[in-house]
Amino acid sequence: MPPHCFMPLCNAALSLCGSTVLKSVMALADLVFPRKLKPLTYRIPAHMGRLRPGAIVLAELGKTVLNALVLDVFEKANGAASGLKLKEITGLAETKAALSPALVKLVKWASGYYMAEEGLVLKAMFGGGLFEKRRPRKKTVPGPVQMAPETVGIEEPALADGIAGNGYKTFLLKAPDTAFERAFAIRASKGQKGVVLLCPEITMIPAIEPLARNTFGDRLRVLHSGISQAARSRIFSEIADGVVDAVLGTRIAVFAPFERVSMIAVTCEENINYKNMEWLKYHARDVAVMRGYLEGARVLLSSICPSAESWANAARGKYQLIEPPPARKEFRLKTVRFRQADGKSEGCVAGTVRDALSKKVSSGGRALVIGSHTGHSVPLCEDCGHISRCSNCGLPLIFHKSGGGNLRCGCCGLQQSARSGCARCRGVNIKLLGAGTERLEEELKACWPVRPEDDKDGQEETKQAFVIGARPAVRSKKTGSKTPEEKFDIVVIVNPEGPLFKPEFRARERAFQDMCYLSEKIAPGGSFLWQTAQPGLLGNLKRLDYREFMDAELQERNSIGLPPFWRTALISFKSAPKGKFPDMPDVLFLGPVQRLGKKGAKSFSVIVRAKDAKSLKKAVAGYLELIGFKPGREKPVVDIDPL
DNA sequence: AGCACGCCGACT
DNA sequence: GTCGGCGTGCTC
């Protein structure tokens with residue numbers, strides 16, 4: 001890059017403006033590289049002229065030249081000795097993309113809020129290349145532009161027009177059903193430019209994409225982690241060219257580099273997939289609200305079962321609640337008490353449940369049975385009471401008949417071969433606990449044709465009369481609502497109270513959400529059966545009344561000092577942190593506790609609770625300073641608002 | 001990304 | 001006591 005060709009122009013500028021002023025100051029820029037780095041200061045070469053924050057430039061980091069974001073531009077007196085020899089910016093990056101002032105502010109906010117380096121924020125936003133064009137593909141297949149079939153019979157909720165307007169405002173839609181929710185989000189963003197539509201997971205995109213195509217046509221782009229870096233870069237430059245009105249995608253789409261955003265819709269806002277677990281532990285819903293604020297945009301959070309956080313924000317007037325009349329419960333919910341009798345020959349399905357299933361299916365109905373886990377069951381020795389447990393996680397191992405019969409851990413995936421008798425006392429009186437999918441299938445197969453839920457969805461097979469599925473172990477990968485359109489005349493859930501006792505404060509909320517989404521699968525006039533050993537433990541869950549449940553839940557969280565009232569942070573260490581916790585008002589330190597992560601990796605974690613986000617940050621920073629993490633021991637990982 | 005530096009295991 | 005693995009930090 002020969003800079004001499006700019007020299008005449010530069011000299012002319014110097015003589016015009018008066019050299020004394022220009023010579024005494026140095027133009028500087030704070031640059032952020034998409035790495036785990038804080039901003040670094042570089043000199044702006046004179047020939048570059050005015051550089052704006054948000055621009056993407058090339059600069060040398062160590063010995064490699066990388067794309068970097070201009071975070072700040074400032075001047076400094078030439079004489080002021082900083083001791084540091086500053087490098088010069090190499091030049092402008094090839095990309096047309098740049099960050100708007102609001103997006104630059106968002107980088108700074110996220111870095112501060114999540115207590116992470118600005119570079120990590122950037123990496124989470126746009127990847128390690130930062131708009132860098134990777135090898136351009138030979139063929140760029142645009143993909144078939146699929147439009148919604150003209151028979152999409154959902155009347156657009158006219159209520160959505162109430163969202164129209166200028167300036168920042170966040171709405172919370174408590175939707176009567178998922179179809180309504182989607183149609184509402186599309187209707188609310190119709191005719192606008194700079195629209196961001198978020199889905200919690202890639203598999204849910206096809207359900208909205210046709211609707212979005214109908215509204216935005218070829219000015220819509222889809223953005224998620226499955227899109228290659230090259231394709232993403234192309235989309236970013238199309239956004240810079242102004243040919244894109246709307247971006248539909250997963251959590252990364254919340255950072256779509258529009259010059260101006262007017263509307264952000266977060267569908268299924270309670271879904272935990274919005275929380276990013278790598279690099280920067282951001283929550284796309286919370287980022288969406290902050291971006292909306294910084295952009296002066298409308299934000300629509302929606303769900304058939306809103307998170308406690310959002311419901312509380314609506315309750316205190318931070319969000320405006322939109323609550324259309326709830327869909328009439330067109331199904332009967334019944335709890336069936338069933339306790340496995342002693343003796344191994346007993347089944348795991350209650351007679352009344354079996355009868356109900358039989359009746360529905362034989363009269364042409366469809367049935368869905370949700371077991372407590374995949375695999376068969378948990379073997380218990382009735383002689384000595386022994387249960388095989390995972391050496392990593394301590395959880396009971398689940399017996400799988402498929403694959404030759406082995407024991408597997410549902411948490412870390414550990415496998416070991418199963419013995420015929422008790423591993424401890426060699427006893428042969430083995431009782432099988434629990435109702436896994438294999439066991440349910442085995443027990444119900446005799447009566448009806450069964451299709452495991454994860455079968456390939458051949459068009460003919462989708463209408464199978466009988467489906468067996470597992471409750472998602474952790475609601476991360478599968479949300480269970482893979483085919484939300486699919487309806488059943490009878491839905492049975494075995495052991496619905498199980499997840500209530502997981503050691504996390506959101507367990508009740510999660511269980512309630514699961515039941516909400518499951519109830520969406522019931523056809524009008526159908527029935528919902530909960531087979532439980534302890535009906536009393538279900539409490540108000542079994543009324544499936546959102547307001548009743550959530551108001552009670554919030555009251556309890558408030559009284560204990562849990563989110564969304566108090567805020568939490570999780571600090572993870574590789575080795576046990578030493579030292580005491582600092583003494584601070586309105587702050588609670590818990591731990592350190594040893595955690596067993598994936599495949600036996602040990603870590604130690606400390607939980608910090610504080611009355612608000614500000615004091616939480618202060619507490620975490622104070623603690624990290626107290627234990628002296630700065631010189632260069634292993635740096636702990638901080639997760640603000642952990643799940 | 002690359003390179004420097006440092007701590008712990010193996011060896012002249 | 002030294003060499004050198006790679007694990008962790010720094011790069012303006």
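Within every chain, numbering begins at 1; the chains are lettered A, B, ... in the order of the sequence lines, protein sequences first and strands thereafter.
- A/Arg43 comes within contact range of no nucleotide atom at all, as no heavy-atom separation falls under 4.0 Å.
- Partner A/Arg567 forms a salt bridge (Lys or Arg N to Asp or Glu O under 4.0 Å) with one of A/Asp612, A/Asp586, A/Asp641 and no other, that one being A/Asp641.
- Between A/Glu60 atom CD and C/dC12 atom P there is a gap of 8 Å when expressed in whole angstrom units.
- Listed by first then second residue, pairs satisfying side-chain hydrogen bond (donor to acceptor under 3.5 Å, both in side chains) with a partner in residues 54-68 of chain A read A/Glu60-A/Lys87, not counting sequence neighbours.
- Per the geometry, CG belonging to A/Leu86 stands 6 Å off C1' belonging to C/dC12, to the nearest Å.
- Atoms CG (A/Leu61) and P (C/dC10) sit 13 Å apart, rounded to a whole Å.
- As a whole-Å value, the separation of A/Lys36 NZ from C/dC10 P is 10 Å.
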Under 3.5 Å donor-acceptor pairs involving side-chain atoms of residues 259-267 of chain A, not counting sequence neighbours:
| unit_1 | atom_1 | unit_2 | atom_2 | d |
| --- | --- | --- | --- | --- |
| A/Arg260 | NH1 | A/Glu295 | O | 3.1 |
| A/Ser262 | OG | A/Gln192 | OE1 | 3.3 |
| A/Ser262 | OG | A/Lys193 | O | 2.6 |
| A/Thr267 | OG1 | A/Leu198 | O | 2.7 |

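- The separation between A/Ile44 atom CD1 and C/dC12 atom P is 17 Å, rounded to whole Å.
- In this structure, A/Val606 and A/Tyr623 have side chains that are in contact, with non-hydrogen atoms separated by less than 4.5 Å.
- For A/Glu117 and C/dG9, the CD to C1' distance is 11 Å, given to the nearest whole Å.
- In this structure, CZ of A/Phe33 is placed 8 Å from C1' of C/dC12, rounded to the nearest angstrom.
- Following rounding to the nearest Å, A/Leu66 (CG) and B/dA1 (C1') show an atom-to-atom distance of 7 Å.
- Picking from B/dC3, B/dA1, C/dC12 the nucleotide with the shortest atom distance to the side chain of A/Lys63 gives B/dC3.
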